[in-house]
Amino acid sequence: MNVYKDISIKPHNSFGIDVNAAYFSESYHLEDLKNLLTNRCHSNVFIISGGSNLLLTKDIDAHVIKICHKGIKLVTETEKEVILDVAAGENWHDLVLWCLDHHYGGIENLSLIPGCVGSAPIQNIGAYGVELKDVFVSCEVLEIETLKTFTLSAQACEFGYRTSVFKTAAKGKYVICAIRIRLSKQPHRLQTKYGDIQRVLKENNTDKNPSIKDVSEAVISIRKSKLPDPKILGNSGSFFKNPTVDSDFFNAFHAKWPKAPFYKITDNQYKIPAGWLIEQSGLKGYRENDAGIHEKQALVIVNYGNASGKQLLTIAQKVIQTVKEKFAIHLDPEVNII
Ligand code: EPU
């Protein structure tokens with residue numbers, strides 16, 4: 001196992017931020033990981049996988065370990081469903097494509113989400129009415145301090161909107177090594193209620209009896225039309241969560257901004273799209289040097305070339321402050337800021 005000293009991790013974060021790791025190694029198997037943790041070159045360990053949810057504002061003073069564990073294994077199969085074990089280092093979208101090829105349904109709405117399988121549970125990735133938790137059975141984790149492995153159930157993962165126990169009580173405690181998911185076989189239960197999906201299925205003439213592949217293709221085309229490809233323009237997808245407000249706040253807000261889109265979650269909770277709030281604050285397409293807000297989706301902060309993490313953070317802070325002043329709503333980043 002190689003250990004690189006003082007090396008740039010620009011290729012390993014989707015913002016393309018050029019910061020150095022004190023030490024950097026890649027782990028390909030559980031045994032590698034145990035060895036690396038036992039013989040680490042620094043008292044601090046920093047685990048990354050796809051690096052697609054990270055804003056790095058400084059060098060990382062730690063032994064950075066990238067999880068590259070590979071493998072998709074069919075655990076059980078019945079007439080109606082399959083259970084798969086997927087290693088943490090598998091690319092998420094490649095997994096979606098693999099499932100489509102095998103006619104396994106459940107994650108087609110999560111097409112083209114950047115990043116690797118191991119980070120999917122951390123923020124309970126979601127798009128177009130589906131979240132990882134809908135197919136999640138459990139995950140295998142290695143406890144960093146004891147090097148013991150555990151299986152964590154969906155309940156133990158405490159999934160919420162773009163959050164889980166890995167972002168709260170168990171932050172920094174475990175390395176996720178694999179996930180176990182339950183997928184459907186035909187006939188699938190498709191999730192096509194999102195207006196955009198309906199529209200694209202119609203445009204593609206696949207709205208009558210869509211397959212999971214048709215849904216995936218619709219999602220891919222919607223995402224490509226709004227969201228920048230991190231290989232071309234550094235970004236980390238939605239930078240902020242959509243804020244939730246209570247009904248009193250919402251009623252006053254709605255009276256003032258009747259055209260604002262919203263989602264009712266419970267009788268007392270409403271979600272307001274952060275992208276709309278940012279656009280109405282006049283910041284869509286805003287740019288300072290190489291850091292800016294995407295011109296097609298205001299929820300995405302982009303690196304036009306050589307922006308530093310600090311410059312990108314300045315943009316995020318400007319967004320938070322401007323939205324707060326205009327709407328009295330606080331935006332919470334969904335990205336992990338280091
Ligand atoms: N909107 C604007 N201006 C913008 C962006 C959005 O007015 O610049 C409005 C839209 O017109 C729409 C509403 O806001 O009425 C919602 O927009 P959209 O459907 O594009 O979804 P979103 O709330 O911006 C969320 C997720 C995305 C996910 C999409 C589709 C969060 C933080 N983001 O975005 O997730 O793909 O829904 O389900 O929940 C990600 O997490 O990285 C991500 C891309």
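Heavy-atom basis, side chains included; hydrogens, waters and symmetry copies ignored. Atoms within each ligand, like the ligands themselves, are counted from 1 in listed order.
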> Heavy-atom distance to atom 13 (C) of ligand 1: which of Ala298, Ser238, Pro273 wins?
Replying inline: Pro273

> If hydrogens are left out, which of Trp276, Tyr263, Tyr161 has an atom nearest to atom 17 (O) of ligand 1, that is, the closest non-hydrogen atom?
Replying inline: Tyr263

> Would a distance-only check, ignoring hydrogens and angles, find a side-chain to backbone donor-acceptor pair under 3.5 Å from Asp85 to Lys73?
Replying inline: no

> Do the side chain of Tyr161 and the main chain of Asn242 share a donor and acceptor less than 3.5 angstrom apart?
Replying inline: yes

If the cut-off is 4.0 Å to any non-hydrogen atom of [X], which atoms of ligand 1 fall inside it?
X	result
Phe240	32 (C)
Asn242	23 (O), 31 (C), 32 (C), 39 (O)
Lys284	3 (N), 4 (C), 8 (O)
Gly237	42 (O)
Glu279	2 (C), 3 (N), 4 (C), 7 (O), 8 (O)
Pro261	15 (O)
Glu334	32 (C), 40 (C), 41 (O), 42 (O)

>> Working note: Ser138 + Thr151, criterion side chain to side chain donor-acceptor pair (under 3.5 Å); need CA distance, chi angles, decisive distance, verdict.
In response: CA-CA 7 Å; Ser138 61; Thr151 301; 5.8 Å; no

Test item, [X] contacting ligand 1 (heavy atom, 4.0 angstrom):
X	value
Arg162	yes
Lys226	yes
Arg223	yes

> How far apart are the C-alpha atoms of Glu81 and Ser184, what are their side-chain angles, what is the distance that settles it, and do they pass the side chain to side chain donor-acceptor pair (under 3.5 Å) test?
Replying inline: CA-CA 4 Å; Glu81 59 182 39; Ser184 62; over 6 Å; no

> Any chance CG of Asp6 has more than 12 other-residue heavy atoms, nucleotides or ligands included, within less than 6.0 Å?
Replying inline: yes

> Should we count NZ of Lys185 as having more than 12 external heavy atoms under 6.0 Å?
Replying inline: yes

>> Test of understanding: given a 4.0 Å heavy-atom threshold, classify the contact between Gln297 and ligand 1 as side chain, backbone, both, or neither.
In response: both

>> I'd like to check atom 10 (C) of ligand 1 in this structure: does the protein have a heavy atom lying under 4.0 Å from it?
In response: no

> Do Glu108 and Lys213 meet the salt-bridge criterion of a basic N to acidic O distance under 4.0 Å?
Replying inline: no

> How are the rings of Phe159 and Phe136 set to each other: parallel, tilted or perpendicular (split at 30° and 60°)?
Replying inline: perpendicular

